[in-house]
Amino acid sequence: MSTAEAAPETAEAQDPGHRSKSSSPRQIPVIGVVAEDEEMQGVFKPMDLNRVIKLLEENDEDDLEEKQLKSVKKLVRYYQNGLPLRDLAQIFKILNLCAGKIENQPCFIEPAYDILKLCGLPFLKKKVSDEITYAEDTANSVALLGELMKIPSSELRIQICKCIIDFYHSEPPKKHIPGYQQASSSYKIKMAEVGGLAKTMVQSMILLENQLVEKLWVLKVLQHLSTSEANCTLMVKAQAASKICAHLNDTDPSGQLLFRSSEILWNLLEKSSKEEIIQQLSNLECLLALKKVFKNLFMRGFSHYDRQLRNDILVITTIIAQNPGAPMIECGFTRDLILFATFNEVKSQNPLVKGLKLSNSYEDFELKKLLFNIIVILCKDLPTVQLLIDGKVVLALFTYVKRPEKHKIIEWSVAQHEELQLHAIATLSSVAPLLIEEYMSCQGNARVLAFLEWCESEDPFFSHGNSFHGTGGRGNKFAQMRYSLRLLRAMVYLEDETVNTDLCEKGTIQQLIGIFKNMISKSNEKEEAIVLEIQSDILLILSGLCEHHIQRKEIFGTEGVDIILHVMKADPKKFQSGLGYSVLLFSTLDSIWCCILGCYPSEDYFLEKEGIFLLLDILALNQKKFCNLILGIMVEFCDNPKTAAHVNAWRGKKGQTAASLLIKLWRTEEKELGVKRDKNGKIVDTKKPLFTSFQEEQKIMPLPANCPSIAVMDVAENIRAKIYAVLGKLDFENLPGLSAEDFITLCIIHRYLDFKIGEIWNEIYEEIKLEKLRPVSSDKKILESITTASETIGKMVASLQSEMIESQTRQDMQNEQRVYTKIQGTHKQRELANKSWENFLARTSNAKILKKAKRLQEKAIESSKYNEQPQNAIYHRTVIRGLNTTVPSGRVVTVESTPVRLLGGPLADTDIALKKLPIRGGALQRVKTVKTVDETKKSIPS
């Protein structure tokens, strides 16, 4: 059968067998009218979908309903293998028309149902570009599924849900259709995101208040949709979290509602705005629902599934509790959670926990840790403190702070008990500072110190170190020691005199110093990080205890100074290793400030052990994070009269002195601050000699009297004031080892206080102008004189710097001249040496010149003699006759130029020839090896 014969309705105005081309670039969508032999192959044959739509829109004819149903059934039959993307919009329009007729014509439920079943089939594309071309139509069509949930038909609603779920479980077409291929597996999911299907599905839940089956199917759909971030964002906008959470306690024998709801809440928390979800759940209705679910699962849930679900609900509650505005106390959830967290350790008569006991299963173990964790979060809300007191939380947590008791049966395994112990101590670090009275009533200090004593002891104990809190503590007690010290540090830093006095009376200072010394001997590379943390905490605790108390500083004594010096002697490279050495050094510097300064015996011992040298060595590393603190310590130390000698005696690399180092730090600081200086370090602006670039950018503005101005804040925000203070205490006039550049900078440092005072007065004057105030004549005159005086000092310093620069320039020129003079003298000496050598060569190569030189020599000798000889004087000749040399000679002459064998021996032709040859064959010779006379004879052939 031909195409024209198969669809005669579309060719009424045409000749038989002829088909005209459509003027539209796109052909009219058709459905297939399939022959029996072609139906087996799944071939689409054209049929006008517009005719079906037009037919469904009509409502005049008597037998119209039958025709409409017949056309829809035909459509369903011919699209049983998939829906082409190009026809999707019209098919969904047909679906929408059928849905609109259901209210008055229930017989259209079945056709709508059948079309919905087709929507679960694969979408088919003829071209690769079809997915993009028909994306908008597809997205709108998929979004229509959510709108159809308004139809009051349970059967259709369930089928819609099944259809959407099939998006996530796509299957290949049952039959291959020539010319078509299946759209990508994620195409439907993407179109659901674009069309906003998730939002409409959330909104449809309002229609399903009392219809459990449909509600479960919708939750299943939302569970699938919530795996996408885009869908989660849409669901959040539709208030999905609060709507789902409010119905957690709806009756459901199957248990699916609670499971799927918790899963959706988890997905929303992970894949959308966590803050928005918390805000939606932080209402009384949601928290009451969560409370009821958790209590039911806690008291009546015994299966593995129930316990897992209980823990999930608790985690969601923990996240909500992070919001201070959540009414956790008002709904009674906080009180119940505290009760559940402590009933095992503190016996309670509350009926909620009567006869209740936790097992050592993994889920119950996780529950215990989650309860400890939520206590830490809840205690941040101060109204919770009274509930913590009533629940005896501190006492319950302290049951874990004790050494293991042998042969005692506990409900947890050894590894579980260790992890809970560490978690309990960590929880105490947050809770105990809020409950000081309860902490002291439980003898908290004594318990912690006794536990620390066990941690330090050699008692056999094998730590598992499996948990987060047990990191670095496998096979030792370091983890227990670390968290115990954190607890002590938290209590000490409250600065509560009762707690600190009790600690000192119990010998805490000596005990901690002893622990520190033991840690030095026990530390190794594997545990270095945790050891450094322990040492840092010990020093911080000691600082907190000793600060402002001279007696405690005396107890700290020389042993404490020794541990501080030990840290300061560490390799400087370690301070940049990232293993905690920087934190340890900060703790050490803090303990110098708090435990040594102010106690003269400790200060003297620190100086005696070259502590100032070590401080300056660290300062010379030029690490900005340490400079401020070290300079502050130096300022305080310089009050000790013995300090100046140590500071001046220090020498760094290349003989650098402490004064030179401090001035160099000043220049570096000013460069970073953007202070204006010329290339020689001279003041550029005499009116504002200390102004930084930040001060230049900030405009002066009137401030209240209690607010520091920019000029005042500048003193605290950089190290210039401290450098000035240290150099001032060392005496500006007697600083060793300074260069000309240092002296130029020193002029500015020397006048730092004058400049800063002038700068502050200038700010006051400018503020008065901005506020349009007119000072009285005398005040105005004083202000102007102060400003003028400050500028005069600036000019004077600049002038002094100019003189120094000129003096240095002259000195450099003189030094350069001396160098040139030295070079000239060297060249002259070389010329004289060359001339002497030339004369020597002339004498040795020309006999006449030699004789002439000899005569001149003899004449010079004679002219130098004293003519009148005293009586009875013995005259000795000073010249050897017959000697053919022109150099002063003795009885032995070393001749380097002519070999002995050629002249017959030394002095052979002189009047006083030697009677015996030297053992080496004559006069001494500057040679490495010389043969003797016998060796020479032996070497001559006979």
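The chain is numbered in sequence order, starting from 1.
From Leu124, atom CG reaches atom CZ of Arg86 across 10.5 Å, with rounding to the nearest 0.5 Å. Rounded to the nearest 0.5 Å, atoms CG (Leu309) and CZ (Phe259) are 8.5 Å apart. In this structure, the separation between CG on Leu118 and CG on Leu83 is 5.5 Å, given to the nearest 0.5 Å. From Leu258, atom CG reaches atom CD of Glu263 across 11.5 Å, with rounding to the nearest 0.5 Å. Ile375 contributes atom CD1, which lies 11.0 Å from atom OG1 of Thr384 (distance to the nearest 0.5 angstrom). Note that OG of Ser226 and CE of Met235 are 5.0 Å apart. Values are rounded to the nearest 0.5 Å.
Between Thr200 and Ala143, the shortest heavy-atom distance links the atoms OG1-O, 4.4 Å. Minimum interatomic distance between Ala238 and Lys199 (heavy atoms only, all atoms of both residues): CB-CG, 3.9 Å. Contact record, Cys119 with Phe167: O-CE1, 4.0 Å, taken as the closest heavy-atom pair. Scanning both residues, Thr233 and Ser272, for their nearest heavy atoms gives N-CB, 4.4 Å. Contact detail for Leu216 and Ser254: the closest heavy-atom pair is CD1-OG, 4.0 Å. Residue Leu69 comes nearest to Pro111 through the heavy atom pair CD2-CG, 3.4 Å, listed as atom of the first residue, atom of the second, then distance.
Checked by atom type and distance alone, the side chain of Ser303 pairs as donor or acceptor with a backbone atom of Asp306 at under 3.5 Å. Without hydrogens or angle criteria, Asn140 side chain to Glu136 main chain gives a donor-acceptor distance under 3.5 Å. No donor-acceptor pair closer than 3.5 Å links the side chain of Asn360 to the backbone N or O of Ser413. In this structure, Ser228 contributes its side chain and Leu225 its backbone to no donor-acceptor pair below 3.5 Å. For Asn283 (side chain) and Gln280 (main-chain N/O), a donor-acceptor pair under 3.5 Å exists by modelled atom type. No donor-acceptor pair under 3.5 Å is formed between the side chain of Asp166 and the backbone N or O of Leu121. For Asn350 (side chain) and Val353 (main-chain N/O), no donor-acceptor pair under 3.5 Å exists by modelled atom type.
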Let me have the donor-acceptor pairs involving side chains of residues 327-339, under 3.5 Å, with sequence neighbours excluded, atom names and distances please.
from   : atom 1 : to     : atom 2 : distance (Å)
Thr334 : OG1    : Met328 : O      : 3.4

Next item on the list: Could you walk me through whether Gln239 and Ser242 pass side chain to side chain contact (heavy atoms under 4.5 Å, CB included), step by step?
Entry: CA-CA 6 Å; Gln239 302 291 312; Ser242 58; 3.8 Å; yes
Note to self: salt bridge (Lys or Arg N to Asp or Glu O under 4.0 Å), that's the test. Do Lys369 and Glu366 meet it? Break it down for me.
What the structure shows: CA-CA 5 Å; Lys369 293 194 295 181; Glu366 287 295 314; 3.2 Å; yes
Next item on the list: Take Asp130 and Thr133 through the test side chain to side chain donor-acceptor pair (under 3.5 Å) and record every step on the way to the result.
Entry: CA-CA 5 Å; Asp130 280 358; Thr133 305; 4.8 Å; no
Margin query: Assess the residue pair Leu148 and Leu156 against the criterion (side chain to side chain contact (heavy atoms under 4.5 Å, CB included)); give the C-alpha distance rounded to whole Å, side-chain angles, the decisive distance to 0.1 Å, and a yes or no.
Written below: CA-CA 8 Å; Leu148 294 176; Leu156 285 181; over 6 Å; no
Next item on the list: Go through the steps to decide whether Gln308 and His304 satisfy the test side chain to side chain donor-acceptor pair (under 3.5 Å), and finish with yes or no.
Entry: CA-CA 6 Å; Gln308 280 188 330; His304 176 76; 3.3 Å; yes
Next item on the list: Applying side chain to side chain contact (heavy atoms under 4.5 Å, CB included), run through Leu257 and Thr251 and close with a yes or a no.
Entry: CA-CA 9 Å; Leu257 186 144; Thr251 305; over 6 Å; no
Note to self: Checking Val218 against Met149 for the side chain to side chain contact (heavy atoms under 4.5 Å, CB included) test, could you report, in this order, the C-alpha distance in whole Å, the side-chain angles of both residues, the deciding distance, and whether it holds?
What the structure shows: CA-CA 10 Å; Val218 171; Met149 289 294 293; 3.6 Å; yes
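Residue Lys368 qualifies as enclosed at atom NZ: its count of foreign heavy atoms under 6.0 Å is above 12. Counting non-hydrogen atoms of neighbouring residues, nucleotides and ligands closer than 6.0 angstrom, the NZ atom of Lys117 reaches no more than 12 such neighbours. Heavy-atom neighbours of Tyr362 OH from other residues, nucleotides or ligands within 6.0 Å: at or below the threshold of 12. Within 6.0 Å of CD on Gln256 lie more than 12 heavy atoms contributed by other residues, nucleotides or ligands. Atom NZ of Lys93 has 12 or fewer neighbouring heavy atoms from other residues, nucleotides or ligands inside a 6.0 Å radius.
In this model, a donor atom of one side chain and an acceptor atom of the other lie less than 3.5 Å apart for Ser282 and Asn323. With no hydrogens or angles considered, no side-chain donor-acceptor pair links Tyr187 and Glu131 at under 3.5 Å. Side-chain contact, Asp364 with Ser359: a donor N or O sits under 3.5 Å from an acceptor N or O.
Taking the side chain as every heavy atom from C-beta outward, Val393 and Thr427 never approach each other to under 4.5 Å. Counting heavy atoms from C-beta on, the side chains of Lys125 and Tyr180 never come closer than 4.5 Å. Using a 4.5 Å cut-off on side-chain heavy atoms (C-beta onward), Phe108 and Leu56 make contact. Residues Leu358 and Phe343 have side chains in contact (heavy-atom distance under 4.5 Å, counting atoms from C-beta outward). Annotation: side chain of Arg307 is not in contact with side chain of Leu367 (no heavy-atom distance under 4.5 Å).
A cation-pi arrangement is present between Lys188 and Phe123 under the rule of less than 6.0 angstrom and at most 45 degrees off the ring axis.
Residues in residues 215-241 take part in these salt bridge (Lys or Arg N to Asp or Glu O under 4.0 Å) pairs, two or more places apart or across chains: Lys215-Asp250.
Aromatic rings from Phe340 and Phe298 are positioned such that their centres are separated by under 6.0 Å.
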